[in-house]
Amino acid sequence: MSVCEFCGIVQGEFESEELYSDESVIAVLHLKPAVPGQILLFTKEHYPIIEQVPDDVIGHIFSVANKLSVGLFESLGVQGTNIIIENGVAAGQSIPHFSVSIVPRNENDGMNLEWTPTKPSDDELDIAHAQLVEEANMIGSDEKKVVVEEEETKEETPPEGDYRMKQLKRVP
Amino acid sequence: MAEMNEEQRAELMEKLKKMSPEELREFQKKQCIFCQIMGGKMESKKVYEDDLAYAILDINPATAGHILLMPKEHYAIMPQMPEEVVQHLGKVAKKLSLAVLKGLKVQGTTIFVANGLAAGQRAQHFMMHIIPRSEGDSIGLVIPQRQVDEKDLTAIHQAMQEKVNALLGVKKEIVQVETKEEEKSETKEEDKGEVKEEPVEEKEKSLPEEKEIPLGDGQEDVEESEQPEEETEEAPPEEEPDKKEDGTSLDDIAELFK
């Protein structure tokens, strides 16, 4: 038996209303939805939080989420959708397996998914801004490293090619 | 804008009706505060920018550090966005979420999208909210749970399935195209043929299988044959090294579940 509820669904141990499945993600209907038709979309692989999910899977799961949201518009005729990721216990995540909730919405559906602004002071905002900019500047640095490595390996091979080219040119 | 009289409004409506989709988008862009921010015409606290995406701090934040992540191009809602932009924003959201956890030393993030007024969308420019979360921050934002009759659930499932198949069955191939473009497009065509045949035989009994057929390629056939046990081998966490690279804070957050 799987310890994780979502892994249990992936492995067929728990029954579910499955809507979609491919090699990396699965979408089921929420059994206790805020609004009927609420979808739970999650990775087949077990990752507790979004930061641990590989980039290609993240890209894929967002495009699947977008299409499922379109599916709600078109099949149920809803007026809106929310796509929500609760990342960490502090954000209300109750199952330690990364998931995306897609919630169909209608005017007057009686749901309140809004937040109450905490009105931080200007100083607090400036500090948060500085801290975020410093971390956000790191975004993409991993990819850049990879690119540099690739370039280096490329540089190693071309001399061989050039050498042959020169030879070819000399032959006639 | 707000101080228009009847005549001006009628004139504007007439003008809007005559516009081509391109002209309309250009018009919306001119009216959009966020397009003006990205064009440098209004001030903002920028957090991140690349070719496709732009992130700023919300001026009326749920908590300090509340980020708005937007496509640079003007789109009102997510369904209008090209696939590559959707994917890119998702990846940037993940990284900004990491920046929030590390930079602000909070225990969680809420990533929130509203499509449409009914979903609480306020701005005309599509955006993802990345909200820093701490235990007991009492900002609300709880997805309620309600008991639903099993029959209702099945009925709504059936109502949705066909559309979901149509949307994901074909387009999903495009997602995967990057690496094996030719192969995939070939299998896609073959699979379309299968779709028409199979559902006829076991229409209602095999709903869960039916929906997978349009996506199927060789690999997925294995999964469809009702042997999900095979996926247990996915359990070993290959992502261990990533966790370490991301720093200890992630493990701490992941461990909070225990």
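A note on names: the letters A, B, ... follow the listed sequences, proteins ahead of strands, and every chain is numbered from 1.
- Heavy atoms closer than 4.5 Å to chain A are found in both the backbone and the side chain of B/T63.
- Not a single side-chain contact (heavy atoms from CB on, under 4.5 Å) links A/T116 to another residue, sequence neighbours left out.
- Contacts between B/N60 and chain A at a heavy-atom distance below 4.5 Å involve backbone atoms as well as side-chain atoms.
- Residue contact with chain B, scored on non-hydrogen atoms closer than 4.5 Å, is absent for A/E134.
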Evaluate B/I143 against A/E86 for side-chain contact (heavy atoms from CB on, under 4.5 Å), listing each step before the verdict. CA-CA 10 Å; B/I143 309 174; A/E86 294 168 322; 3.9 Å; yes
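- Between the side chain of B/K94 and the main chain of A/V53, a donor-acceptor pair closer than 3.5 Å is present.
- Considering every non-hydrogen atom in both B/P144 and A/M111, the closest pair reads CG-SD, 3.7 Å.
- B/K46 touches chain A through its backbone: at least one of N, CA, C or O sits under 4.5 Å from a heavy atom, while the side chain does not.
- Only the side chain of B/H66 comes within less than 4.5 Å of a heavy atom in chain A; its backbone stays farther off.
- Of the two parts of A/L72, only the side chain, counted from C-beta on, holds a non-hydrogen atom closer than 4.5 Å to a non-hydrogen atom of chain B.
- You'll find the side chain of A/D22 stays beyond 4.5 Å of the side chain of B/L168, heavy atoms only.
- Residue B/V47 touches chain A through both its backbone and its side chain, counting heavy-atom pairs closer than 4.5 Å.
- Judged as a side-chain contact (heavy atoms from CB on, under 4.5 Å), and not counting sequence neighbours, the contacts of A/P33 are A/H30, A/Q38, B/V148.
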message = Under the criterion side-chain contact (heavy atoms from CB on, under 4.5 Å), I'd like the reasoning laid out for A/D126 against B/K45: C-alpha separation, chi angles, the key distance, then a yes or no.
response = CA-CA 9 Å; A/D126 285 339; B/K45 286 186 162 64; 2.9 Å; yes
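- Between the side chains of B/E162 and A/S75, not a single donor N or O lies within less than 3.5 Å of an accepting N or O.
- B/I131 touches chain A through its side chain: at least one heavy atom from C-beta onward sits under 4.5 Å away, while N, CA, C and O do not.
- For A/L31, the parts sitting under 4.5 Å from any heavy atom of chain B are the backbone and the side chain alike.
- Remark: side-chain polar atoms of A/E51 are not paired, donor with acceptor, to backbone N or O of B/K95 under 3.5 angstrom.
- The shortest heavy-atom contact between B/A159 and A/L76 is CB-CD2, 4.3 Å.
- The closest side-chain heavy-atom distance from B/L98 to A/M138 is not below 4.5 Å.
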